[in-house]
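Working notes for the structure below.
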Number of protein chains: 2
Amino acid sequence: MATFQLARVQKSGGLTTELVESLRAEILKGNFKTGDKLPSSKIIEQQSGVSRSVVREAIAQLKAEGLVDSKQGVGVFVTSKKNTQSFQITKAEFESIHNAIQILELRMSVEVEMGAMAAVKRSDDQMQNITNCMLNMENKISQGEDSIAEDFAFHKAIADASGNPYFRRFIDYIGSGVIPAREMITNYENGFGSDKLLAVIQEEHRQICRAIESQDSDLARASIKAHLGNSIKRHSQIEESFNINQEQ
Amino acid sequence: MATFQLARVQKSGGLTTELVESLRAEILKGNFKTGDKLPSSKIIEQQSGVSRSVVREAIAQLKAEGLVDSKQGVGVFVTSKKNTQSFQITKAEFESIHNAIQILELRMSVEVEMGAMAAVKRSDDQMQNITNCMLNMENKISQGEDSIAEDFAFHKAIADASGNPYFRRFIDYIGSGVIPAREMITNYENGFGSDKLLAVIQEEHRQICRAIESQDSDLARASIKAHLGNSIKRHSQIEESFNINQEQ
DNA sequence: TTATATAATATTGGTTAACTTTTAAAGAAC
DNA sequence: GTTCTTTAAAAGTTAACCAATATTATATAA
């Protein structure tokens with residue numbers, strides 16, 4: 001059997017949620033391969049230190065995700081088909097900070113090249129659209145209103161300028177999941193200066209704009225990498241502070 | 001509150017499954033609208049005649065589907081189930097050369113950063129796996145056999161070494177669509193030296209291997225970019241030659 | 001010895017009941 | 001009217017139990 005080591009779940013967002021994420025991570029990491037039998041409920045109970053109900057609910061969620069299947073009297077098995085029909089990320093994944101960071105890494109890899117392509121291929125109209133989106137966001141911020149949708153629109157405008165519709169489709173998909181998750185972050189960050197943060201983000205946007213406007217693909221790459229890299233850093237800090245709070 | 005009438009579930013395929021389907025049907029039928037609060041566990045127990053655990057597991061599954069969300073002390077609410085979208089590329093798209101080029105561009109953007117991360121984060125075991133995949137492909141080629149699956153495995157091994165499961169999921173999805181499309185290309189290229197082409201590809205793979213082995217992320221980026229960039233070039237040439245043939 | 005029935009065991013499925021934590025709402029105090 | 005306190009309702013969690021099912025070991029018969 002595959003070796004495995006579940007983190008002893010701690011209270012934060014519900015035991016079931018924690019266990020779901022822990023198990024899903026193990027499966028996705030490959031510690032349980034397709035067709036493998038998961039440890040029995042009893043063993044998972046002991047390893048994770050939770051009750052049977054929690055384990056059963058966690059398994060129920062993974063079943064609904066199509067990641068595992070169970071047979072009475074036998075065990076729970078990792079599904080074979082996993083993900084060849086579509087690329088899909090569940091809502092719960094978007095809302096977990098740890099997963100959100102990894103999703104951001106994927107998103108960053110796409111947007112970096114997307115921005116470089118936009119710098120090379122953009123039309124004047126597309127450039128105007130990008131600029132407008134940036135200004136829209138600036139207005140919202142100066143009025144103290146929520147600017148998440150405008151931020152999203154800015155990135156979509158760059159996707160359009162890349163001339164490759166698959167970039168746009170990818171951003172559409174990833175972004176729609178990121179939006180609700182981001183509200184959590186924004187709420188968290190209100191504590192230590194959300195205005196200042198928005199000013200930083202806006203300056204990053206301006207730099208991206210300039211790079212694409214001057215058709216400098218290397219600068220576009222660098223500025224988008226910096227922009228999303230900073231976002232990843234902020235998420236990491238939140239994750240760390242959560243861990244510290246838990247250990248108290 | 002919305003009116004509802006759950007069928008009294010009977011044993012057939014599992015009580016939980018029955019209840020999940022019953023509740024999902026009610027929601028999809030519109031008997032519970034977006035934002036509505038579902039009846040409490042207790043009431044569902046009574047109406048459907050099952051125990052609390054079954055109700056809770058059913059709710060857990062619906063949560064995983066993104067159809068509902070629960071708040072402790074308040075209730076379970078129907079979500080704006082728009083999140084059931086997914087990133088999907090049809091078979092026809094994969095098989096069109098023009099789209100295949102654009103899909104390759106998306107794939108390249110992901111693999112470039114994925115390779116850079118793999119170079120930094122890889123374990124020795126993961127490196128060994130990458131090397132093995134490369135050697136497997138080499139063997140297949142020298143024996144004159146098809147090596148598409150081994151090529152795919154090589155890229156997946158790098159995805160695993162990146163430590164980010166979303167890279168692996170993305171490559172799994174994109175790659176599974178690319179495989180059938182690639183047969184077409186290979187067949188086409190048989191005309192002007194498939195052996196020579198495979199030797200080139202293999203040399204590119206060796207270079208990627210070396211970059212990740214020496215943990216040089218910049219070199220990894222460059223070598224993967226070259227590798228997939230060349231693939232894009234070949235596709236472009238085929239596209240052009242098709243166009244020329246059509247114009248004749 | 002080999003084939004088959006039987007019993008023991010392990011595992012998921014399901015029930016029940018009690019307890020904990022969170023939330024919202026109703027009152028009480030100011 | 002505002003703020004604090006109490007209280008009830010709801011989801012979250014635990015524990016102990018029984019039922020159904022599949023595997024495995026064991027005993028029995030040919």
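Just so it is clear: chains get the letters A, B, ... in the order the sequence lines come, proteins before strands, and each one is counted from 1. As the structure is a prediction and not an experimental result, all values here were calculated from the model.
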* **Carboxylate-amine/guanidinium contact Lys29(A) Glu26(A), below 4.0 Å** => yes
Below the 4.0 Å mark, does [N] have OP1 or OP2 next to a side-chain nitrogen or oxygen of [X]?
| X | N | result |
| --- | --- | --- |
| Ser70(B) | dG12(D) | yes |
| Lys37(A) | dA10(C) | no |
| Lys42(A) | dT9(C) | no |

* Asked: Tyr173(A) vs Phe94(A) aromatic rings, parallel, tilted or perpendicular, using cut-offs 30° and 60°?
  ->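 Perpendicular, since the angle between the ring planes exceeds 60°.
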* Aromatic rings Phe170(B) and Phe170(A): how do their planes relate, parallel, tilted or perpendicular, breaks at 30° and 60°? -> perpendicular
What is the distance, to the nearest angstrom, from the [atom1] atom on [X] to the [atom2] atom on [N]?
| X | N | atom1 | atom2 | value |
| --- | --- | --- | --- | --- |
| Phe77(B) | dA10(D) | CZ | P | 11 Å |
| Glu45(A) | dA15(D) | CD | P | 9 Å |
| Gln46(A) | dA10(C) | CD | P | 13 Å |
| Leu19(A) | dT13(D) | CG | P | 10 Å |
| Gln61(B) | dG13(C) | CD | C1' | 13 Å |
| Ile44(A) | dT11(C) | CD1 | C1' | 12 Å |

Taking only nitrogen or oxygen atoms into account, show me every contact under 3.5 Å that the protein makes with nucleotides 15-17 of chain C, one pair per line with its distance.
residue : atom : partner  : partner atom : Å
dT15(C) : OP2  : Ser51(B) : N            : 3.3
dT15(C) : OP2  : Ser51(B) : OG           : 3.1

* Indicate, with a heavy-atom threshold strictly under 4.0 Å, whether Lys71(A) touches base, sugar-phosphate, or nothing. => sugar-phosphate
* Asked: Within the side chain of Asp151(B), is there an N or O that forms a donor-acceptor pair under 3.5 Å with the backbone of Ser147(B)?
  ->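 Not at all, since once roles are kept as given, no pair shorter than 3.5 Å links the two residues.
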* To do: Please state whether the base of dT23(C) and the side chain of Gln72(B) form at least one donor-acceptor pair under 3.5 Å?
  => no
* Asked: Do Glu21(A) and His98(A) have a side chain donor and acceptor closer than 3.5 Å?
  -> no
* **Whichever of Glu57(A) and Val74(A) has its nearest DNA chain D nucleotide further upstream toward 5'** => Glu57(A)
* Asked: Under the 6.0 Å and 45° cation-pi test, does Lys156(B) pair with Phe152(B)?
  ->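 Verdict for Phe152(B): a cation-pi partner in Lys156(B).
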* **For Arg56(A), side chain to side chain contact (heavy atoms under 4.5 Å, CB included) partners two or more places apart** => Arg52(A), Glu57(B)
